[in-house]
Amino acid sequence: MQGMMEVFKKELADDFTRWRFLILFAIAFAVAIFAIYMDAQYIKLAVSDTRFVFLKLYTTSGEESLPLFIMFFVFFLPIIGVSLGFDAINSEKNSGTLSRLMSQSIYRDAVINGKFLAGMVTIAVMLASVVLVVGGVGLRLIGIPPSAEETMRLIFFIIVGVVYGSFWLGLAILFSIFLNRVATSALASIAMWIFFIFLFAIPMFADLGGTASYIMMQVSPIALFWESATVLLVPSARTMAQMLNVSMSTASPFLPTSALSIGQSLLTVWPHIVSMIALTAICFAISYIKFMREEIRST
Amino acid sequence: MNSQPLIETKNLTKKYGEKVVVDKLNLSIAEGERFGFLGPNGAGKTTTILMLLGLTQPSSGTANIAGFNCTREPLKVKRITGYVPERLGFYEELSAYYNLAYTARLNGLPEAQVSKRVTSALEEVGLIKTAEQQVGQFSAGMKQRLGIADILVKEPKLAILDEPTSGIDPKGVHQLLELIDKIAKERNMTIIMCSHQLKQVQQICTRVGIMQKGKIVVEGGVEDLGRQAFSGGKFRIEVKLTEITSAVIEAIRKIAGVVNVERSEDTLVVTAQTDLRPQIAKAVVDSNGLLVQMNIQSYALEDIYLKYSEGQ
Ligand SMILES: Nc1ncnc2c1ncn2[C@@H]1O[C@H](COP(=O)(O)OP(=O)(O)OP(=O)(O)O)[C@@H](O)[C@H]1O
Ligand SMILES: [Mg+2]
């Protein structure tokens, strides 16, 4: 498609040189390194189950509670996605560059697609490099290399993370099309983020009964990611839906049950991934409809 | 050569809600023409241009450029059209070179030609020394010249310049207009230039259209315009007499070439096609009037423009 690759290349270069990106990247590394040191100490003390030792690097945090690493990305990937997209269109409108851009012979969607793709690649690079760094440091600390299955699980974790981050990117771009002020669109994206976190957190604090929590799990991207990441990185974990089927007990998803094979894990998370992609597609559809017919004026 | 005009609009209309901003515009511009688009603020010039580029949708009517429908085939239109918006939208934090190279690449220019094209465009407008400087550091004049270079990179058939001289000092305006003139003539480029400044349009344009409230009220070459606007009268002669009698007025009216005679206090304002001072003097004397003074003025386009800008 004409122009999309050019927009993509420019935006990618822009993304990597923006201060906000560099700061977030630095934070991600700092937190990851911090988490790994905590975890590694714990693993050294209590390696009883020798299976999936390497994955424990990412999922153990001293207790049988929420894996720090996953939790970090649950909250952090939206910030990355939003920070890459919240001013995608409106800042170009405000500075008048959109007029010049759109007067070149390119399709309008080339701009949205190019920007989205660049953001996606940025998210992927960031996530992959954090996972690699944690792996590298962890390898030195515990001295056990990852098995083939563990590697596969990590790769799928990265893919799920990119899908999740991209949803937030798509949402942020949507707001940047509808809201002309950069501050407003940033605020709207953050508000959505808090809203979804709230939805996600309700089942933890209030007993809504199985079905209500189950429905929330299906629509909240935060829940979708959290579940699929957990299933991928903690092979013994079960999703909410599976637990509901097994028993209605208040069992923690980290109960030491038998581990799922990677095939079973993927089968479990597949609907989650599809749901997240569908949510992103909705954002895109609305963005297209609005942007395609919009007037582009330079003043 | 085909006789079909390069740009043609048919009943082109744009409404914002109930407000009609462009009203059944029928415009036709031939290839190689340099069209000056004049009009007061809010006349609808920019809106017309946006419709020509497919950047906004007409409420009704059509616009064609080189046979392509501007609304349905904007890509083909934009391929052959260069546009300098009212507000030049350059990426301020990027270099002049990068900004132009981006334009070249977006238009599908092969990578091997990008550098050559951009360099020669920058040379042409005299910005080659500041090619690597951030556009944010450019002065208004430099930015406008960069806007021209941005068009050159595309090598278009048609260039649309929306108020290219805003915010520039008189000397800069002169240089910029000369630059546009030179470029247009060298490449036989069709030009549409929007402006409020009549003299500037006069300097480069072959044809002028004055827009008001969404309509072109007068259109044509500078000469034709004068005739249209003043129903043939190009000269304005003020005749001062000691006493104005109806006999004098009658006598002057009878002179061949006099278009109109108006009385304001002790002077007569005569509109005429040629300089009729001797004839008027004779007529006054013949009808026993006493001539005090006589002034002649030829109407400039400025007056025409003012006449249409004021008469709202
Ligand atoms: N989105 C919009 N909604 C409603 N009215 C609009 C909109 N955009 C422009 N207008 C109105 O359309 C009219 C014409 O605007 P336009 O920009 O075409 O004028 P112009 O001739 O270019 O004026 P100027 O010389 O000031 O640039 C103005 O009265 C303006 O208020
Ligand atoms: Mg305008």
Side-chain angles (χ1 to χ4, degrees), chain A residues 1-22 84 87-115 117-118 176-177 180 182 288-299, chain B residues 14 16 21 41-42 46-47 49-58 68 71 73-94 98-109 111 114 135-136 143 146-147 150-151 153-154 156 159-160 162-163 166:
Chain A
M1 198 167 71
Q2 186 164 3
M4 190 183 88
M5 285 319 286
E6 299 308 328
V7 175
F8 166 70
K9 279 189 249 170
K10 174 184 175 292
E11 292 300 321
L12 194 61
D14 281 2
D15 282 346
F16 274 91
T17 47
R18 280 192 185 122
W19 274 109
R20 62 176 101 122
F21 172 80
L22 297 175
L84 289 171
D87 64 346
I89 302 296
N90 52 12
S91 73
E92 294 228 23
K93 256 186 218 164
N94 296 340
S95 65
T97 48
L98 194 65
S99 265
R100 209 172 56 90
L101 190 58
M102 290 318 313
S103 72
Q104 313 306 332
S105 66
I106 56 169
Y107 289 107
R108 288 200 180 188
D109 46 356
V111 176
I112 303 182
N113 294 348
K115 285 186 180 241
L117 217 60
S176 84
I177 291 173
N180 283 334
V182 172
Y288 280 153
I289 292 168
K290 169 84 171 126
F291 192 58
M292 283 309 136
R293 296 179 58 98
E294 201 176 43
E295 173 171 294
I296 296 169
R297 197 181 268 272
S298 72
T299 39
Chain B
K14 179 74 188 180
Y16 290 109
V21 171
N41 289 122
T46 303
T47 311
I49 286 169
L50 293 185
M51 287 191 281
L52 288 179
L53 288 163
L55 295 180
T56 192
Q57 312 230 344
F68 302 120
T71 314
E73 303 166 289
L75 238 61
K76 286 176 181 151
V77 167
K78 290 190 281 190
R79 183 71 278 276
I80 55 166
T81 309
Y83 173 47
V84 182
E86 248 171 314
R87 238 176 98 203
L88 300 147
F90 288 109
Y91 295 100
E92 305 257 302
E93 70 288 353
L94 298 173
Y98 188 101
N99 269 289
L100 297 197
Y102 191 38
T103 303
R105 294 189 182 114
L106 284 171
N107 286 289
L109 198 74
E111 200 56 41
V114 169
V135 177
K143 278 187 197 160
L146 193 61
D150 195 44
I151 283 186
V153 163
K154 252 172 121 171
I160 300 179
D162 200 345
E163 290 173 36
S166 59

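Here is the naming used below: chain letters follow the sequence lines, and residue numbers restart at 1 for every chain.
- Interatomic distance, B:K154 NZ to A:S103 OG, rounded to the nearest 0.5 Å: 5.0 Å.
- Of the atoms belonging to B:E86, heavy atoms from both backbone and side chain fall under 4.5 Å from chain A.
- If you measure heavy-atom distances from B:L50 to chain A, the contacts under 4.5 Å come from the side chain alone.
- In this structure, chain A has no heavy atom under 4.5 Å from any part of B:K76.
- Most heavy-atom pairs under 4.5 Å with chain A: of the set B:I80, B:T81, B:T47, this distinction falls to B:T47.
- Residues of residues 13-21 of chain A having a heavy atom under 4.5 Å from any heavy atom of chain B: none.
- For A:R297, the parts sitting under 4.5 Å from any heavy atom of chain B are the backbone and the side chain alike.
- Proximity to chain A involves both the backbone and the side chain of B:F90, based on heavy atoms less than 4.5 angstrom apart.
- Between B:L75 and A:S105, the shortest heavy-atom distance links the atoms O-CB, 3.5 Å.
- With sequence neighbours left out, A:N90 forms a side-chain hydrogen bond (donor to acceptor under 3.5 Å, both in side chains) with A:S185.
- Judged as a side-chain hydrogen bond (donor to acceptor under 3.5 Å, both in side chains), and not counting sequence neighbours, the contacts of A:E294 are A:K93, A:K290.
- Listed by chain and number, the residues in a side chain to side chain contact (heavy atoms under 4.5 Å, CB included) with B:I49 are B:L53, B:Y83, B:I160, B:D162, B:C194 (sequence neighbours excluded).
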